[in-house]
**Student:** 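Structure incoming, see below.
Every chain is numbered from 1, with letters handed out A, B, ... down the list of sequences.
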Amino acid sequence: MASTTPTETPPAPPAASRRAASTGRVGDKVFLGLSRGSGILLLAIMASIAVFLGYRAALAISENEGDFLTTFDWNPAGDPPVFGIAVLLFGTVVSSIIAMAIAVPVAVGIALFISHYAPRRIAAPLAYVVDLLAAVPSIIYGIWGALFLVPYLGGLNLWLDEYLGWTYVFDKTEVGVARSLFTVGILLAIMILPIVTSVSREVFLQVPRMNEEAALALGATRWEVIRMSVLPFGRSGVISASMLGLGRALGETMAVATVLSPSFVISLHILDPGGGTFAQNIAAKFDEADQFGRDALIASGLVLFVLTLLVNGAARLIIARRKEYSGANA
Amino acid sequence: MAKRIDISGLSAFYGSHKAIEDISMTVEPRSVTAFIGPSGCGKSTFLRTLNRMHEVTPGGRVEGKVMLDDENLYAREVDPVAVRRTVGMVFQRPNPFPTMSIFDNVAAGLRLNGSYKKTELNAVVERSLRGANLWNEVKDRLNKPGSGLSGGQQQRLCIARAIAVEPDVLLMDEPCSALDPISTLAIEDLIGELKERFTIVIVTHNMQQAARVSDRTAFFNLSAVGQPGRLIEIDETERIFSNPSVQATEDYISGRFG
């Protein structure tokens, strides 16, 4: 082999040595096949779901006499069938915004407390309790929301109406129990709190010690250390955590269906009962729907799917935009 | 501006473990004092007691007195945060704030101390970067992230950040141990310039470096693993490296242990 120059073809190695070389690579080949196969399988499953949903949705939408995006009604069994997702889209987005507005600041606060303020003997049990919140099934949250949150939020609703009613949003125009998007938002906030908290906490704990010491050595107080080192470092992690929470809030079904009293109206008075969300609507209508009605519900589910994709894409853009400042290359 | 440090009877603990014991010495203003000694002898711990960074470590505790001119850093009414604003520190590994631009890194300390006009900030940032011999390399990209610089540049950025607040003392904890020889040379030259204005204390594992940059050298040692580290002697650097008064110092410097 030593005489081989780049111009001439090297002689084929003897069969025996080739076999020896290949037996050493069996593990590589199996693993490559497994991982590649898993990747392809995932794509195949996603594609077949998309094709199935798209086909069924198209069937329903082509028969729809109303405008799918703007109709305030859901009556696929009518003659002619009329249904639209406007109310569902509105309700889903509004309840999720309320949930995020409440949950993210609280979760970041809890995560900072656990990671940077609390003494260790308090931090560990507290983290455990927060994680425990995630283990409660959503139907339990729904029952708790309906039996506890709805009656006991009455007072808060009246208070908000009286002092913040001028903002329009908190103006309560209908008397009645608090089976509103606002209550749903609070319930969703409690439900997404654990996931946002625990992911944020893990990120905050990973802030390199030397980044925090850099701030400390400049004479930063504990809050200033958090502001200068911890929060900037954890920023993209908190966004990811929020997206995980938002994904759950957008798609939450049982808890919303148990608490909300659905109606096909769009109202920015978030304290008024009524409204609906994609998942809640599907859960409520699926059992009694015929084949066509189910196709219509599938079409609405497809919109939720697209909405989730858009939200995640936006989050990725936000993270990527400041990538060179992320600290990943430090 | 450049103050004298008088340390007397200083011990530092991690929980119940005593890391350094009964250290007394004086650090002269406008000079470079080097701390040398084998690993684990407590020289970094000692350095961190001089700006009250030691007590940031869980269980960290200090006994004794550190006088900065006539102020005891460990007096009851003294706020450790205020101490760290007058005693700056540069770390072993360059640690610019990764999410901040070069400009913001240098301005970070000033912004902690209050609000400044943009023109004042510009002046201080330029002066500090010039002081750290970094201005010419970064003046066209001040708004780029500091983490994009080379290791040596990052360390000079950290020095610029530390001197921007005009501290009385500058502590350096093995500032060149993560750098290549050329960057090391740049930092050593810089230390020579900075001692005109600051009291500088530098911990180093590199004895040639101690001999090159320092005016006085303190040798630390520990009698056995698990025992607290002690100050063996402190003297003019020339004497320490030519004719030390303690045998252990000579053994360490001539490479017989450590």
Side-chain angles (χ1 to χ4, degrees), chain A residues 108 112-124 126-127 200 203-241 317-330, chain B residues 47-48 50-59 79-102 104-114 143-149 151 154 157-158 161-165 167 169-173 178:
Chain A
V108 169
L112 281 176
F113 179 72
I114 293 174
S115 63
H116 283 82
Y117 281 95
R120 200 172 298 172
R121 65 177 187 284
I122 295 178
L126 186 62
S200 304
V203 176
F204 292 153
L205 283 174
Q206 277 166 17
V207 177
R209 186 79 199 135
M210 65 176 197
N211 286 14
E212 291 180 41
E213 292 202 331
L216 275 174
L218 280 180
T221 61
R222 204 186 299 206
W223 156 240
E224 285 163 341
V225 171
I226 287 171
R227 206 188 60 205
M228 292 172 79
S229 310
V230 181
L231 289 181
F233 183 89
R235 187 174 172 276
S236 61
V238 171
I239 294 176
S240 308
L317 271 183
I318 296 173
I319 295 171
R321 204 160 45 93
R322 281 180 55 92
K323 198 171 208 145
E324 58 176 4
Y325 285 91
S326 72
N329 55 351
Chain B
L47 190 78
R48 290 165 66 92
L50 300 183
N51 66 343
R52 299 195 63 170
M53 281 288 281
H54 173 67
E55 62 209 80
V56 171
T57 318
D79 178 5
V81 168
V83 170
R84 293 180 208 127
R85 291 186 184 191
T86 56
V87 183
M89 189 163 196
V90 176
F91 294 85
Q92 195 167 346
R93 290 188 50 203
N95 58 352
F97 296 114
T99 54
M100 289 187 196
S101 67
I102 293 172
D104 289 341
N105 258 289
V106 182
L110 290 173
R111 289 192 172 130
L112 283 179
N113 286 315
N143 54 357
K144 288 277 188 306
S147 46
L149 299 173
Q154 286 190 25
L157 177 62
C158 293
R161 179 177 66 191
I163 62 177
V165 293
V169 179
L170 194 57
L171 308 176
M172 302 180 136
D173 189 358

**Student:** Kindly compute the distance separating CE (A/Met210) from CZ (B/Phe91), expressed to the nearest 0.5 Å.
**Tutor:**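 Here the rounded value is 10.5 Å.
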
**Student:** Quick one: side chain to side chain contact (heavy atoms under 4.5 Å, CB included) partners of A/Ala124, sequence neighbours excluded?
**Tutor:**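 Not a single residue meets the side chain to side chain contact (heavy atoms under 4.5 Å, CB included) criterion with A/Ala124.
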
**Student:** For each of B/Ala108, B/Gly88, B/Cys158, tally heavy-atom pairs with chain A at distances under 4.5 Å, and name the one with the top tally.
**Tutor:**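 Looking at each of B/Ala108, B/Gly88, B/Cys158 in turn, B/Ala108 comes out on top.
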
**Student:** Is any side-chain heavy atom of B/Leu112 closer than 4.5 Å to one of A/Met228?
**Tutor:**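 A side-chain contact under 4.5 Å exists here.
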
**Student:** If the contact rule is any heavy atom under 4.5 Å from chain B, which residues of residues 113-120 of chain A qualify, in numerical order?
**Tutor:**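 Residues of residues 113-120 of chain A touching chain B at under 4.5 Å: none.
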
**Student:** Who in residues 216-226 of chain A is close to chain B, using a strict under-4.5 Å heavy-atom cut-off?
**Tutor:**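 Interface residues of residues 216-226 of chain A: A/Leu216, A/Ala217, A/Leu218, A/Gly219, A/Ala220, A/Thr221, A/Glu224.
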
**Student:** Given side chains that start at C-beta, do those of B/Thr57 and A/Arg209 come closer than 4.5 Å, heavy atoms only?
**Tutor:**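 No, their side chains stay 4.5 Å or more apart.
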
**Student:** With sequence neighbours left out, write down each residue that passes side chain to side chain contact (heavy atoms under 4.5 Å, CB included) with B/Asp104, or none if nothing qualifies.
**Tutor:**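 Listed in chain order: B/Met100, B/Ser101, B/Arg111.
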
**Student:** If you measure from CD on A/Glu213 to CZ on B/Arg93, what distance do you get to the nearest 0.5 Å?
**Tutor:**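 Answer for the CD-CZ pair, A/Glu213 versus B/Arg93, is 12.0 Å.
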
**Student:** Name the region of B/Val87, side chain, backbone, both or neither, that has any atom closer than 4.5 Å to a heavy atom of chain A.
**Tutor:**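 For B/Val87, backbone heavy atoms alone lie under 4.5 Å from chain A.
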
**Student:** What part of B/Pro80 gets closer than 4.5 Å to chain A, counting heavy atoms only: side chain, backbone, both or neither?
**Tutor:**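 Answer is neither: B/Pro80 stays 4.5 Å or more from chain A.
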
